[in-house]
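Counting convention: from 1, in listed order, for ligands and their atoms alike. The figures here come from the full heavy-atom set of this structure, side chains too, leaving out hydrogens, waters and symmetry mates.
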Amino acid sequence: MTENAKTGKKHLVLVNPVNPIRKGFLMRNLSTFPPLALAILASLTPDHWDISIIDENIKPFEFKKADLVGITSFTPSAPRAYEIAGIYRKIGIPVIMGGIHASMLPDEALGYVDCVVTGEAESIWGQVISDFENNCLKNRYQGVLLPMGGYPIPRHDLLSPEYSFSAVQTSRGCPMQCHFCSVSAFNGCKYRQRPINEILDELEVIPQKLLFFFDDNIIGYGKESQERAIELFKGIVKRKIKKHWVSQASINFADNPEVLKWAAKAGCKMIFLGLESETEDQLKEAGKQLNLKRGVDQYKQVIRKIHRYGISINAGFIFGMDQDSAASIRKRFDYMLKSSIDAFQTTILTPLPGTELFTKLANEGRLLFSNFPEDWCRYDYSESVIMPKQMQPEELNSIMRENHIRLYNRKSVRKRFYRSLFNILRFEPAWWGYVTNYNYYCMAFEKEIREADPRYSHWLLSEEAATISKPGN
Ligand code: B12
Ligand code: SF4
């Protein structure tokens, strides 16, 4: 036992593992976000425990003595989570794993840890701790979906002060069930919201000026949830909480001018919208209901309305769907470059466990990498892990590369910044678009940057570097 001799407290170590093969978002401080789940778990742990967090986002794993270890993990970092679990289990310290990956694949996880907690922790963590204390820890616990109110404020004080952004979640669940996404399977189809006062109290204790609301859709679906979003934004203004924030939403973010007005007043600088594709057939393929219902011809209007209120747009597009050919991918990039969108997240279609997409592609025998768990670290949206329908995976990877150069070269990003300034007429949201494009550039060219290839290791790719790096040059 490592009970603290002075206090008699037991020690819980919570671990945030990172994908060892790709840094992805961790390439830059401004795209590195704290493990909110661990701050929540810490807040749910009884006071007679000492808690520390090992966060590989910030520095590589260093062993800390523990009585009990809790590990979180997304799918790409699962192999690393299992590796760290092994270090503790070898010396007889029990390891509990939770989070999206272990929830979707509890049997796999149980091969590497002592106990798996599936689902949301709020309903079950107290029981897990109490069973451990009474020497009757089971190997499985199932959290249930509860209303989001009445919990203690997450322990932001245990997260590294090196984070530029803090993270707060105001809602969970999504009724949309897009085929590639695991949110509805994990957090349920009902949109659940935290009480506004609890969110505002939490915002008041976090030190960072920059904030990421970790919601999938900050304004939810329907009139009622819009009203609640407006109340939240008004509350931020009323309590004089001065944050600059980003979040995610569906295109219904632009429906109500009051939502946009108050979001902007409350400090919203940029919103992520999952546009996914400019063609309705592909939206159908992805099961992207809301975008389909509105129609892709509405995108322009949506962008214009959001800009009008001083908020920039980071839009996500998916590549490599069954209907994608080399030509349609190039066309999508043409569309993106011509649009007034401020920043772009491009992802290669990736089946994640627990999604409809995963079941379909696995059944069709189209997973290229299925030596699990090792291969999970490839499932980070940055390479083709499936056999695309209309091309070879290498062709898809190379078209993406070619178009990333078009999208993220210095000239293109600068041009986009000036266009954002012109469209939004405010510096800050345009600057957020610029920084976000740079973050994605660093992710797209991670390998070259890490290997310090001089053609890539400076600020954004110049046109000249783009030419040098074209296949065949
Ligand atoms: C914000 C966010 C990001 C941010 C920040 C991530 C971060 N630092 O945490 C950014 C933009 C960087 C990001 C990146 C990625 N993300 Co992301 N992201 C999210 C989002 C919207 C919120 C995550 C979050 O923190 N939620 C709040 C916390 C409290 O929820 P939670 O982690 O589920 O934790 C609860 C339970 O799971 C449980 N729990 C969690 N850990 C543990 C541990 C123990 C011991 C126990 C008992 C319980 C427990 O208790 C918690 C409280 O109930 C989710 C969607 C969602 N709604 O969750 C997607 C999501 C997690 N992301 C996803 C993906 C795919 C990615 C990327 C791979 C791809 C991409 N390009 O977006 C990268 C990978 C990054 C990486 N580190 O590997 C997928 C993950 C699916 C999967 N199987 O892994 C999700 C679920 C969205 C989706 N489309 O399906 N992401
Ligand atoms: S992609 Fe967005 S809208 Fe679709 S199911 Fe996931 S969270 Fe909901």
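- Without hydrogens or angle criteria, Tyr191 side chain to Gly173 main chain gives no donor-acceptor distance under 3.5 Å.
- Judged by a 6.0 Å distance limit and a 45° cone about the ring axis, Arg332 is positioned over the six-membered ring of Phe319.
- For atom 56 (C) of ligand 1, the nearest non-hydrogen atom from the set Leu12, Asp216, Ile100 comes from Asp216.
- In this structure, the side chain of Ser250 does not engage the main chain of Asn252 through any donor-acceptor pair within 3.5 Å.
- Atoms CG and OG, on Leu146 and Ser123 in that order, are 5.0 Å from each other to the nearest 0.5 Å.
- Of the candidates Leu41, Val116, Val117, Leu41 brings a heavy atom nearest to atom 44 (C) of ligand 1.
- Near Gln248, meaning under 4.0 Å from one of its heavy atoms, ligand 1 places the atoms 21 (C).
- The protein reaches atom 89 (N) of ligand 1 closely, with a heavy atom under 4.0 angstrom from it.
- Of the listed options Trp125, Tyr151, Phe214, Phe214 places a heavy atom closest to atom 22 (C) of ligand 1.
- Contact annotation: the side chain of Phe74 never approaches that of Leu352 to less than 4.5 Å [non-hydrogen atoms, C-beta and beyond].
- In the candidate list Cys181, Gly98, Pro353, Gly98 is nearest to atom 42 (C) of ligand 1, counting heavy atoms.
- Taking a distance limit of 4.0 Å, we find that atom 63 (C) of ligand 1 is approached by no protein heavy atom.
- The backbone N or O of Val18 sits less than 3.5 Å from a side-chain atom of Glu56, completing a donor-acceptor pair.
- Enclosure of atom CD in Gln323 by more than 12 non-hydrogen atoms of other residues, nucleotides or ligands within 6.0 angstrom is indicated.
- Of all atoms in ligand 1, numbered sequentially from 1 with element shown, those under 4.0 Å from a heavy atom of Leu352 are 65 (C), 81 (C).
- Atom 39 (N) of ligand 1 is flagged as protein-proximal [any protein heavy atom, distance under 4.0 Å].
- Under a 4.0 angstrom heavy-atom cut-off, His101 registers as lying outside contact with ligand 1.
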Does the pair Arg80 and Asn19 meet the rule for a side chain to side chain contact (heavy atoms under 4.5 Å, CB included), with working shown?
CA-CA 6 Å; Arg80 179 64 180 154; Asn19 183 354; over 6 Å; no
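- For ligand 1, one of its N or O atoms has an N or O atom of Thr72 under 3.5 Å away.
- Two rings, from Tyr82 and Tyr112, have their centers less than 6.0 Å apart.
- Under the 3.5 Å distance criterion, the side-chain polar atoms of Thr355 are left unmatched by any main-chain donor or acceptor of Pro351.
- For atom 85 (C) of ligand 1, the nearest non-hydrogen atom from the set Ser182, Ser382, Ala81 comes from Ser182.
- Within the listing of ligand 1, atoms 57 (N) sit less than 4.0 angstrom from a heavy atom of Asn187.
- To the nearest 0.5 Å, atom CD of residue Glu285 and atom CE of residue Met321 are 6.0 Å apart.
- Close approach of ligand 1 to Glu122 (heavy-atom distance below 4.0 Å) involves ligand atoms 52 (C), 53 (O).
- Near Gly119, meaning under 4.0 Å from any of its heavy atoms, are these atoms of ligand 1: 36 (C), 38 (C).
- Taking any N or O of Phe25, backbone or side chain, none lies under 3.5 Å from an N or O belonging to ligand 1.
- Using a 4.0 Å cut-off to heavy atoms of Ile40, the atoms of ligand 1 that qualify are 29 (C).
- In terms of polar-atom proximity, defined here as any N/O pair under 3.5 Å, Ser77 makes no such contact with ligand 1.
- Between Glu120 and ligand 1, no N or O atom pair is found at a separation short of 3.5 Å.
- Inclusion of Thr75 in the set of residues having an N or O under 3.5 Å from an N or O of ligand 1 is warranted.
- For Phe74, no nitrogen or oxygen atom sits less than 3.5 Å from a nitrogen or oxygen atom of ligand 1, counting backbone and side chain alike.
- The backbone N or O of Lys10 sits nowhere less than 3.5 Å from a side-chain atom of Asp50 that would complete a donor-acceptor pair.
- Against a heavy-atom cut-off of under 4.0 Å, Ile71 is close to the following atoms of ligand 1: 43 (C), 44 (C), 45 (C).
- Checked against a 6.0 Å centroid threshold, the rings of Phe445 and Tyr441 count as neighbours.
- Close placement of the Trp376 and Tyr379 rings is indicated, their centers lying within 6.0 Å of each other.
- The protein does not reach atom 3 (C) of ligand 1 closely, with no heavy atom under 4.0 angstrom from it.
- The aromatic rings of Trp245 and Phe213 sit perpendicular, their planes meeting at an angle over 60°, well past the 30° parallel limit.
- Short contacts between ligand 2 and Tyr221, defined as distances under 4.0 Å to a heavy atom of the residue, involve ligand atoms 3 (S).
- Heavy-atom minimum distance, His244 versus Trp432: CB-CZ2, 3.9 Å.
- Neither the backbone nor the side chain of Ser73 has a heavy atom within less than 4.0 Å of ligand 1.
- If you number the atoms of ligand 1 from 1 as listed, the ones under 4.0 Å from a heavy atom of Ile96 come out as 45 (C).
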Quick one: do Tyr408 and Tyr440 satisfy side chain to side chain contact (heavy atoms under 4.5 Å, CB included)? Show the steps, please.
CA-CA 8 Å; Tyr408 298 129; Tyr440 289 134; 3.3 Å; yes
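- For the pair Lys209 (side chain) and Ser164 (backbone), a donor-acceptor distance under 3.5 Å is absent.
- Atom NZ of Lys300 has 12 or fewer neighbouring heavy atoms from other residues, nucleotides or ligands inside a 6.0 Å radius.
- Heavy-atom separations between Phe180 and ligand 1 are all 4.0 Å or longer.
- Protein N/O/S atoms closer to atom 4 (Fe) of ligand 2 than 2.8 Å number 1 in this structure.
- Taking the ring centroids of Phe63 and Tyr88, they lie under the 6.0 Å cut-off.
- When non-hydrogen atoms are compared, ligand 1 lies under 4.0 Å from the side chain of Gln169 (C-beta onward) but not from its backbone.
- Within the 4.0 Å cut-off (strictly below), a protein heavy atom is located near atom 6 (C) of ligand 1.
- No part of Met104 comes within 4.0 Å of ligand 1, judged by heavy-atom distances.
- Classified by interplanar angle (parallel below 30°, tilted 30° to 60°, perpendicular above 60°), the ring pair Phe212/Phe165 is perpendicular.
- Counting only heavy atoms, the protein gets under 4.0 Å from atom 29 (C) of ligand 1.
- Checking atom 75 (C) of ligand 1 against the protein gives a heavy-atom contact under 4.0 Å.
- In this structure a side-chain-to-backbone donor-acceptor pair under 3.5 Å is missing from Ser77 to Ser73.
- If you look at Arg172 next to ligand 1, the close heavy atoms, those under 4.0 Å, all belong to the side chain.
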